[in-house]
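For reference, the structure discussed in these notes is given below.
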Amino acid sequence: MEQQVKLWPAQRLFGLNGHLIDMEETVMTIGGQSAITYMEAEILRIAKTASRRRQPGK
């Protein structure tokens, strides 16, 4: 985990932290299965963004 976090610049981590806080608020608001579906989609989006940023030339 520590190695993965080191790959992210501080500014990106700051932005991600804000996004995670927003996600938490949304999950708490919608609740139930919809919250799980939303959370899964957002985590996938974050992972895809991180993957693209690690690829050479991106």
Side-chain angles (χ1 to χ4, degrees):
M1 178 82 158
E2 183 178 336
Q3 289 175 340
Q4 291 298 312
V5 170
K6 287 180 181 180
L7 295 174
W8 288 66
Q11 184 177 6
R12 296 292 300 168
L13 285 173
F14 181 76
L16 176 61
N17 187 49
H19 184 67
L20 292 173
I21 291 169
D22 292 343
M23 282 176 54
E24 179 184 22
E25 182 178 338
T26 301
V27 165
M28 298 302 243
T29 300
I30 60 179
Q33 184 62 40
S34 295
I36 294 169
T37 302
Y38 166 79
M39 189 169 51
E40 288 172 344
E42 286 299 305
I43 290 171
L44 181 59
R45 189 172 71 85
I46 292 167
K48 285 180 177 181
T49 299
S51 177
R52 281 194 304 271
R53 292 185 183 283
R54 285 193 297 268
Q55 293 174 3
K58 300 257 176 171

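The figures that follow rest on heavy atoms only: side chains count, while hydrogens, waters and symmetry mates do not. All residue numbers in this chain count up from 1 along the given sequence.
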Can you tell me how far apart OG1 (Thr26) and CD1 (Ile21) are? Round to the nearest 0.5 Å. 12.0 Å
Which of these, Leu44, Ile30, Val27, sits in a side chain to side chain contact (heavy atoms under 4.5 Å, CB included) with Met39? Val27
Any heavy-atom pair between the side chains of Glu42 and Asp22 that's under 4.5 Å? no
Between atom NE2 of His19 and atom OG1 of Thr49, what is the distance when rounded to the nearest 0.5 Å? 8.5 Å
For Glu2, which residues count as a side chain to side chain donor-acceptor pair (under 3.5 Å) partner, sequence neighbours excluded? Lys6
Is there a path of hydrophobic side-chain contacts, each under 4.5 Å between heavy atoms of I, L, V, M, F, W or Y residues, that connects Met23 with Leu13? yes
Can you list the residues that meet the salt bridge (Lys or Arg N to Asp or Glu O under 4.0 Å) rule with Glu24, with sequence neighbours excluded? none
